[in-house]
Amino acid sequence: MSVMARETSENPGRLKQIRLAYTMTKKVDTKIGLIIAGVGLLTFGVFLAIGFAIEHPVYLGILGFIVAFLAMAIVFGRRAERAAFGQMEGQPGAVAAVLNNIRRGWSASSTPVAVTRSQDAVYRAVGRAGIALIGEGNPNRVRHLLASEKKKMARVVGDGVPVHDIVVGDGKDEVPLKKLQIHLMRLPRAITPAQVTETNDRLRALGDLLSKAPIPKGPMPKGARMPKGGQAR
């Protein structure tokens, strides 16, 4: 009885979440309803036509209904994700949200490796394409941060691992936030899985080394600067 009660209480919660996601997506993607319906009807129609052609309309109709439902769910999920990213575009931490939802093939952290007091940030991801440094914020300041981090990565991993610098935005040579995940997935593979693991280990060791570095006690001497590498500048 308790299991049935729990399932009954969970289903309305899921339906409410789906309805809320649809409402939020429709504000950005006004044709979402027509697109989902079109995908469903087209998929079901194709299977049903094949069923009549091979004289098994009932079996293919049932299969077509299931596949159509799955296709509608996939299309809705992708468009809802893009709409959500579109609403976050330009806000601090938007890149972190994309990296948290990135599909297989990349190892990324939602914590920036470099930030400024103006909330410009650079994030890092490691995959078969090498190292991707993704900057968000003011393009001029971000490019300076990216250049600094790129030099650091070259010293740590050497020339065998490509380092890609990406600026998120809508300007020239920039990648829109909603297309960032696709952009990363389309980068050409350049290193082996073993090299990916080795690169991650090196970068993790570097992070541990920096986090354990002794901090001088007392006031900072006049004219001294904070060390670079993940600290606010």
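The shown structure was predicted, so the numbers you read here are calculated from the model rather than taken from an experiment.
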How long is the straight-line distance from [atom2] of [Y] back to [atom1] of [X], given to the nearest 0.5 Å?
{"X": "His183", "Y": "Lys178", "atom1": "NE2", "atom2": "NZ", "value": "16.0 Å"}
{"X": "Leu41", "Y": "Leu34", "atom1": "CG", "atom2": "CG", "value": "10.5 Å"}
{"X": "Ile54", "Y": "Tyr59", "atom1": "CD1", "atom2": "OH", "value": "11.0 Å"}
{"X": "Leu177", "Y": "Glu136", "atom1": "CG", "atom2": "CD", "value": "8.0 Å"}
{"X": "Arg141", "Y": "Arg117", "atom1": "CZ", "atom2": "CZ", "value": "12.5 Å"}
{"X": "Arg124", "Y": "Thr111", "atom1": "CZ", "atom2": "OG1", "value": "10.5 Å"}

Between [X] and [Y], which heavy-atom pair has the shortest distance, and what is it?
{"X": "Leu133", "Y": "Met153", "result": "CD1-CG, 4.2 Å"}
{"X": "Asp170", "Y": "Glu174", "result": "N-OE1, 3.3 Å"}
{"X": "Asp120", "Y": "Gly137", "result": "OD1-CA, 3.3 Å"}
{"X": "Val115", "Y": "Ala121", "result": "CG1-CB, 3.9 Å"}
{"X": "Ala71", "Y": "Thr43", "result": "CB-OG1, 4.1 Å"}
{"X": "Pro57", "Y": "Leu48", "result": "O-CD1, 3.7 Å"}

Candidate pair Trp106 and Leu187, rule side-chain contact (heavy atoms from CB on, under 4.5 Å), full reasoning = CA-CA 11 Å; Trp106 287 91; Leu187 288 175; 4.1 Å; yes
What do the steps show when you test Val196 against Val126 for side-chain contact (heavy atoms from CB on, under 4.5 Å), and what is the final call?
-> CA-CA 7 Å; Val196 173; Val126 181; 4.1 Å; yes
May I ask you to test the Val175-Ile134 pair for a side-chain heavy-atom distance under 4.5 Å?
-> no
Under a 4.5 Å side-chain heavy-atom rule over Ile, Leu, Val, Met, Phe, Trp and Tyr, are [X] and [Y] clustered together?
{"X": "Ile36", "Y": "Phe65", "result": "no"}
{"X": "Phe44", "Y": "Ile66", "result": "no"}
{"X": "Val156", "Y": "Leu146", "result": "yes"}
{"X": "Met72", "Y": "Leu60", "result": "no"}
{"X": "Leu42", "Y": "Ile50", "result": "yes"}

Give a yes or no answer on whether the side chain of [X] reaches the backbone of [Y] with a donor-acceptor pair at less than 3.5 Å.
{"X": "Thr116", "Y": "Ser118", "result": "yes"}
{"X": "His164", "Y": "Ala129", "result": "yes"}
{"X": "Ser148", "Y": "His144", "result": "no"}
{"X": "Gln195", "Y": "Thr192", "result": "yes"}

Give the C-alpha distance, both sets of side-chain angles, the deciding distance and a yes or no for side-chain contact (heavy atoms from CB on, under 4.5 Å) between Asp165 and Val122.
-> CA-CA 9 Å; Asp165 52 323; Val122 171; over 6 Å; no
Worked verdict on Leu203 versus Ile131 for side-chain contact (heavy atoms from CB on, under 4.5 Å) | CA-CA 10 Å; Leu203 295 175; Ile131 299 173; 4.1 Å; yes
